[in-house]
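Structure first, then comments.
In what follows, every heavy atom counts, from backbone to side chain, and hydrogens, waters and symmetry copies are set aside.
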Amino acid sequence: MTERDLFFLVMILIGASALTVFIVQFVRSRRRRDDDGRSGNWWEGPWDEDKR
């Protein structure tokens, strides 16, 4: 295995991992949306139970 082959394998690995991260982030952001189309994280309000 030459340096050129090793460089090619490393670049393929970096590209595949970047593509995987992009796909995972895209799927998570689409799954996180509520029924009314709003997107947000679980720690974002409203906090109805705090008004007790």
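- When the side chains of ILVMFWY residues are joined at heavy-atom separations under 4.5 Å, either directly or via intervening members, Leu13 and Val21 end up in two distinct hydrophobic clusters.
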Taking only distance into account, with no hydrogens and no angle test, what donor-acceptor pairs under 3.5 Å do side-chain atoms of residues 3-12 form with protein atoms, sequence neighbours excluded?
{"unit_1": "Asp5", "atom_1": "OD2", "unit_2": "Thr2", "atom_2": "OG1", "d": "3.4"}

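- Here Val24 is tied to no hydrophobic group at all, with no ILVMFWY side chain closer than 4.5 Å.
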